[in-house]
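Accompanying notes for the structure given below.
Proteins come first, then strands; the chains are lettered A, B, ... in the order of their sequence lines, and each starts at number 1.
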Number of protein chains: 2
Amino acid sequence: MKMSDRKKRILQIVVDEYINSAVPVSSKAITEKHLTDVSSATVRNELASLEELGYLTQFHTSGGRVPSPQAYRFYIEELMQRGNLSAADLDYISSAFSDKTADVEHLIKSVANVISELTDYTSVAAMPNAEEERIRNMTLLPCGDGRALLVIVTGSRILRDSFIDLPDTMSDEDVANASHMLCRLFCGKALSEARTVEAEALGEFGQYRQVMTEVIEALKSYARPRDEDIVLAGPEKIFNHPEYEDIGNVKNFLSVISSKDKIAEIVGDEDDEIQINVKIGSADGKDMPEDCSLVTATYSAGGKNLGTYGVIGPIRMDYSKVIAVLENVGKALEELIGGKNKDKKEKDDE
Amino acid sequence: MKMSDRKKRILQIVVDEYINSAVPVSSKAITEKHLTDVSSATVRNELASLEELGYLTQFHTSGGRVPSPQAYRFYIEELMQRGNLSAADLDYISSAFSDKTADVEHLIKSVANVISELTDYTSVAAMPNAEEERIRNMTLLPCGDGRALLVIVTGSRILRDSFIDLPDTMSDEDVANASHMLCRLFCGKALSEARTVEAEALGEFGQYRQVMTEVIEALKSYARPRDEDIVLAGPEKIFNHPEYEDIGNVKNFLSVISSKDKIAEIVGDEDDEIQINVKIGSADGKDMPEDCSLVTATYSAGGKNLGTYGVIGPIRMDYSKVIAVLENVGKALEELIGGKNKDKKEKDDE
DNA sequence: CGTTAGCACTTGTGGTTGATGAGTGCTAAC
DNA sequence: GTTAGCACTCATCAACCACAAGTGCTAACG
């Protein structure tokens, strides 16, 4: 059945109103505030019909109507007015990223914070997979106690938490040589390609095979996703939304939120081609809490994949605001990163 | 007024019982379960007296008694039985730290997790101040785009989040030379001493003063405490305790917990000489939530300061268990770190 | 004089009841 | 197709009740 324009309009009003007030909306409220030219009885008929179509539900026969997940989906696709951000919000975004020159790890944190602050929801961020990043430089840094720190820099991040045990016979010069050799072998390759030169590498290292074995082990470990690849910001923000007055909901939400594995699972299977991605309720994601919604966007700028960012919150979410924030943050990053690469030459004159 | 032995015994029973059950304890419960040789009326008299002394309070005249903060303090100092951990718990501790060879940053996370898991409370951990750490090695690692990564290794951690902008005229060899110079200048010095060689350093760098200025800036920034120096584990654990059925308490707790600054303030002003430190309620720490308690211990092993660890939770906390866990974790770390330094020579034979 | 039994008093808890108000569905008239 | 009117359904709230738990006090006891 095709929906009439009036049905759409009414559905839009119901969703808007409910997002704003968190109170089930009644026919009377609709005619008083928005559709002043028809009576509440007419609206009631339409509401009953929308309910039959699966867009609305009511808890009790006398409790007003609430949008169903299906209604939110339709709302986001067709009904929602894509609002723009206030000047203050735009200022906040542009000032937040002004002097960030650092790596993805830092970027991700500040982006997550900005998103959480502006939307008033808990935000999640996932680093891009490291596997395809090209190694730009690497070194072994001796640091006493017979150990050396393996540091690897790729296009967008720093990997550096492996200590490598050194044989007693290895002098600092030996380490420096090994370091150069590593660089020659791996620089320019993606992490995922490391294994292709594994045999060659072991051969070249001869005497210090053991060291090389550990380095290769470390390289492999970086390709696997780690807990630190997921960042959360503003978990306490959920208290600002009335659905989380109930302790059970909070508990549920927090337990999902505090397991990085679960978050990774929810955020992880993004389709990279879609800019904005909305998951509503447990229907869209197995590990999602029943009554939660996740809106994410995958950013890239200047050829770099900058990760996936989003907010997680109640189904009754201010999608318009959230999507506007995600889009504008994306634009700001594009300007910052994309711009920086081009500005490079002029910059040194300052 | 000196407390009689019986008063002490009764107070101990009340606190024990309340810690276990979270229910105000009545005179009847005491005589039934513990003091079977006197009547409830006698206990009532004693309870009334203990209340006058400030150790107990009652919400309502017919609601049983609850220990006051003062009672908890007395309990911890004199009454509490210092229990030992179960074999399973001890196993858990020793297996958790078996193959951690990494830096303090990683150690702190796994320690915080272990403490949180074993005690069932939210745990907090603060890294030791970096200022007095001696630099073991440092390097500038060129990574394209006219930038280099500054990596510094100290006795117990890795500092590496500064990118340094390089002049276009600086070749990779120049960077390598600069790197060696940095090492010669700073290795063996504490971070706090960096400024003492500032003038000398700037002199030596001549042509590349700008780079040196940035390096010094970075060194200074490391001496300041950062958000990452505070780690939390198991925030969702509070839901396992009945005082946090109330949404208001949860909110309050979470808002303190999610501000690293506040945590730093609470945990920060530890007296290093005291092994175990207990703060009860807002009386002991300005930023502490009214009805919360913080138990911390500062660990060091093999001459290294390993940071301050603790749990934060309701006043009605299982102090005996918490303190036992903190002590045993401390012992395990001592063995692990202290032992490793000594084993060093034998180890390479394996 | 410490201990105890007995009893009146206080107060949270849980269940019932009834009034109120919001909101709907239905029907009949426009 | 729209509307007014009305009966019906429920959630909410306050009042009220009985009940159980626990205390404080008093008087008696050894």
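- Following rounding to the nearest Å, A:Lys28 (NZ) and D:dT3 (C1') show an atom-to-atom distance of 17 Å.
- With sequence neighbours excluded, the residues that form a side-chain contact (heavy atoms from CB on, under 4.5 Å) with B:Ser68 are B:Gln70, B:Ala71.
- At the heavy-atom level, B:Ser27 lies under 4.0 Å from the strands shown only through sugar-phosphate atoms.
- The nearest pair of heavy atoms linking B:Gly234 to B:Ser116 is CA-OG, 3.5 Å.
- At whole-Å resolution of the value, CD in A:Glu46 and C1' in D:dT3 are 14 Å apart.
- The ring pair (Phe, Tyr, Trp, His ring centres under 6.0 Å) pairs that include a residue from residues 23-73 of chain A are A:Tyr55-A:Phe74, A:Tyr72-A:Tyr319, where partners are two or more places apart or lie in different chains.
- Summary of the strand contacts: B:Arg6 and B:Arg44 both lie near DNA chain C, and taking for each the nucleotide with the nearest heavy atom, the more 5' one is attributed to B:Arg6.
- Applying the side chain to side chain donor-acceptor pair (under 3.5 Å) criterion to A:Asp120, with sequence neighbours excluded, gives A:Asn240.
- One finds the CD1 atom of B:Ile263 at 6.5 Å from the CD1 atom of B:Ile230 (value rounded to the nearest 0.5 Å).
- Judged by closest nucleotide on DNA chain C, A:Ser26 is the one of A:Asn45 and A:Ser26 placed further toward the 5' end.
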Open item on the list: Under the criterion salt bridge (charged side-chain N to carboxylate O under 4.0 Å, His left out), I'd like the reasoning laid out for B:Lys321 against B:Asp89: C-alpha separation, chi angles, the key distance, then a yes or no.
Closed with: CA-CA 11 Å; B:Lys321 172 86 184 245; B:Asp89 285 357; 3.2 Å; yes
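- Of all the heavy atoms in B:Val295 and B:Met317, the pair that sits closest is CG2-SD, 3.8 Å.
- Taken over five-pair windows at either terminus, the axes of the helix from C:dC1-D:dG30 to C:dC30-D:dG1 are inclined to one another by 20° (rounded to 10 degrees).
- Residues from residues 55-69 of chain A that place a heavy atom under 4.0 Å from any atom of DNA chain D, listed by number: A:His60, A:Thr61, A:Ser62.
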- [ ] Evaluate the criterion salt bridge (charged side-chain N to carboxylate O under 4.0 Å, His left out) for residue pair A:Glu117 and A:Lys237; output intermediate values, then yes/no.
- [x] CA-CA 9 Å; A:Glu117 281 306 314; A:Lys237 288 270 155 49; 3.0 Å; yes
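- Using a 4.0 Å cutoff to heavy atoms of chain B, the contacted part of DNA chain C runs 5' to 3' from C:dT3 to C:dG12.
- For the atom pair A:Leu47 CG and A:Thr42 OG1, the distance stands at 10.5 Å (nearest 0.5 Å).
- With rounding to the nearest 0.5 Å, the separation of CD in B:Glu243 from CG in B:Asp291 is 8.0 Å.
- Once rounded to the nearest 0.5 Å, the distance linking CG of A:Leu254 with CD1 of A:Ile247 reads 9.0 Å.
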